[in-house]
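Presented below is the structure to which this report refers.
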Amino acid sequence: MIELTIDVDDRRIIQATQTGLPLTPCPYHTIAEQLGLSADEVMGRLQRMLESGIIRRIGAVPNHYALGFKMNGMTVWDVPDEQVDDLGQGVGQLDFVSHCYCRPRHLPQWPYNLFAMVHARTQSQVEEQIQQIAELLGDFNRGHRTLYSTRILKKTGLRIGK
Amino acid sequence: MAPEDLSALQEILLNDFQKDFPLSPTPYADIASRLGVTEAEVLDALRELNEAEIISRIGPVFRPHRIGTSTLVAMAVPKERLEDVANYISGLPEVNHNYEREHRFNLWFVVTATTEVHLQAVLTEIEKKTGIAVMSLPMLESYHIDLGFDLKFNNQ
């Protein structure tokens with residue numbers, strides 16, 4: 001069984017790295033010094049959190065918007081509850097889908113239970129992507145909408161407080 | 001800095017290093033030796049990307065729900081109140097994403113808290129402050145493991 005708990009030092013490492021690693025030749029040493037830990041301890045704990053899934057990945061976090069991916073569509077689909085897991089797995093594997101989740105419906109005003117975020121450089125690319133998802137869902141698709149974002153009002157990485 | 005101004009090295013750093021950043025004493029030097037460039041070139045390229053806000057950071061991406069709890073919230077805000085309500089929501093420390101979207105539910109944001117109790121308290125407070133109902137849509141299942149995103153530099 002993979003250990004999913006984090007202790008005080010893990011939490012301090014998360015707080016020290018969540019806004020990014022320093023761009024210095026030995027970034028883990030820099031973090032270690034700030035925290036009064038050894039660099040081996042910092043790297044070891046990051047490795048453990050990576051293995052247990054607390055950290056999904058370590059790397060560059062591109063700003064898709066600045067890179068020209070200005071079209072961000074939240075596509076929402078109403079599919080049968082019995083099929084949502086199978087269908088979600090398929091949609092989640094499409095390379096233009098950045099997030100794919102099952103969420104509860106709120107009837108009657110919100111019948112959609114499958115969410116997929118798509119990103120592209122142009123509106124017509126987004127429409128092509130929606131078409132691909134629709135084809136994958138086939139007759140299980142009982143209705144869908146795409147909610148384009150008209151404004152990013154706030155966007156920060158996941159933060160945990162002190 | 002526009003996307004077309006990126007150097008070949010920067011494109012590689014952006015596209016190929018969204019995961020597996022080395023957990024070693026000298027990660028930038030390790031990347032440099034793999035790419036056949038110098039450590040200074042890698043650091044300079046990354047600093048430039050950072051300053052131009054082409055990357056928001058280099059570092060760990062944490063999996064939501066592992067260090068707290070969160071939910072996606074939608075609100076149907078009357079047009080004339082949208083600016084005020086949106087500013088209020090963005091100002092909350094528990095909110096890390098806030099988008100205006102084209103729909104009757106026109107404000108969509110993510111609320112994150114360390115406990116479920118705190119999360120519910122934030123939602124209750126938002127309803128009290130704004131007088132507008134919130135629709136909370138917590139993630140029930142995730143079907144995508146975020147291992148980065150193909151930026152398709154060769155296929156624009």
Side-chain angles (χ1 to χ4, degrees), chain A residues 4 6 14 17-21 23 25-29 39 43 46-47 49-50 53-64 66-68 74 85 88-89 91-92 95 97-104 106 110 119 121 145 147-161, chain B residues 3 13-14 17-21 23-29 39 43 46-47 50 52-64 66-68 72 86 90 93 95-103 108-109 112 114 135 137-151 156:
Chain A
L4 278 177
I6 53 170
I14 292 171
T17 58
Q18 65 189 351
T19 55
L21 294 169
L23 290 169
C26 302
Y28 303 113
H29 287 73
M43 287 185 279
L46 286 169
Q47 182 65 42
M49 287 193 271
L50 199 54
I54 289 167
I55 295 174
R56 274 199 290 220
R57 58 185 165 99
I58 303 179
V61 182
N63 174 353
H64 296 121
L67 284 162
M74 183 173 77
D85 286 342
Q89 304 284 359
V91 174
D95 72 350
V97 171
S98 69
H99 300 78
C100 185
Y101 297 128
C102 174
R103 298 185 185 276
H106 277 246
W110 192 258
H119 303 266
R121 293 189 162 95
R145 291 287 308 255
L147 281 69
Y148 290 101
S149 75
T150 40
R151 257 195 309 168
I152 302 174
L153 301 159
K154 184 177 187 181
K155 190 173 193 296
T156 53
L158 187 61
R159 300 275 190 272
I160 61 167
Chain B
L13 290 171
L14 274 167
F17 290 90
Q18 294 178 37
K19 58 175 175 165
D20 300 332
F21 183 81
L23 267 167
S24 68
T26 53
Y28 303 108
E39 180 185 48
L43 281 169
L46 290 173
R47 277 194 199 108
N50 215 8
E53 295 182 12
I54 300 275
I55 51 173
S56 54
R57 65 185 185 280
I58 291 245
V61 174
F62 297 96
R63 181 170 158 184
R66 284 293 171 268
I67 53 171
L72 176 69
S90 292
V95 169
N96 56 2
H97 286 74
N98 188 15
Y99 288 87
E100 183 186 336
R101 293 189 182 278
E102 291 173 327
H103 191 266
W108 290 78
F109 51 94
T112 301
T114 42
M135 179 169 78
L137 302 168
M139 178 187 96
L140 301 179
E141 202 64 59
S142 173
Y143 304 116
H144 181 86
I145 300 165
D146 176 15
L147 294 176
F149 186 78
D150 185 358
L151 296 168
Q156 306 199 1

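In what follows, chains carry the letters A, B, and so on, assigned in the order in which the sequence lines appear, proteins first and then strands, with residues in each chain numbered from 1.
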Counting heavy-atom pairs under 4.5 Å with chain B, which one of [options] comes out on top?
options                    : value
A:Asp85, A:Ile58, A:Leu46  : A:Ile58
A:Gly20, A:Cys102, A:Ala66 : A:Cys102
A:Val91, A:Leu50, A:Thr17  : A:Thr17

Identify which part of B:Leu13 has an atom lying under 4.5 Å from any heavy atom of chain A, answering side chain, backbone, both or neither.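 Just the backbone, heavy atoms under 4.5 Å.
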Contact part of B:Glu39 toward chain A, heavy-atom cut-off under 4.5 Å: side chain, backbone, both or neither?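 Only the side chain of B:Glu39 comes within 4.5 Å of chain A.
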For the candidates B:Leu23, B:Thr26, B:Ile55, which exhibits the highest count of non-hydrogen atom pairs separated by less than 4.5 Å from chain A?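 If we count pairs closer than 4.5 Å to chain A, B:Leu23 comes out on top.
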Yes or no on side-chain contact (heavy atoms from CB on, under 4.5 Å) for B:Tyr99 and A:Leu147, after CA distance, side-chain angles and deciding distance? CA-CA 10 Å; B:Tyr99 288 87; A:Leu147 281 69; over 6 Å; no
Is it the backbone or the side chain of A:Tyr148 that comes under 4.5 Å from a heavy atom of chain B, or both, or neither?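 Contact with chain B: backbone and side chain both.
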According to the interplanar angle, ranging from 0 to 90°, do the rings of A:His119 and A:His64 count as parallel (below 30°), tilted (30 to 60°) or perpendicular (above 60°)?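 Judged by the thresholds at 30° and 60°, the geometry between A:His119 and A:His64 is tilted.
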At their closest point, which heavy atom of A:Leu21 faces which heavy atom of A:Pro27, and how far apart are they?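 Closest heavy-atom pair between A:Leu21 and A:Pro27: CB-CB, 4.3 Å.
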Minimal non-hydrogen separation, A:Arg56 against B:Phe62, with atom names: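 Scanning both residues completely, I find the closest heavy atoms to be NH2-O, 4.0 Å.
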So, A:Asn63 versus B:Ser56: side-chain donor-acceptor pair below 3.5 Å or not?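 Looking only at side-chain atoms, B:Ser56 and A:Asn63 do not form any donor-acceptor pair under 3.5 Å.
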Output, in order, the C-alpha distance, side-chain angles, deciding distance and verdict of side-chain contact (heavy atoms from CB on, under 4.5 Å) for B:Trp108 and B:Leu72. CA-CA 7 Å; B:Trp108 290 78; B:Leu72 176 69; 3.8 Å; yes
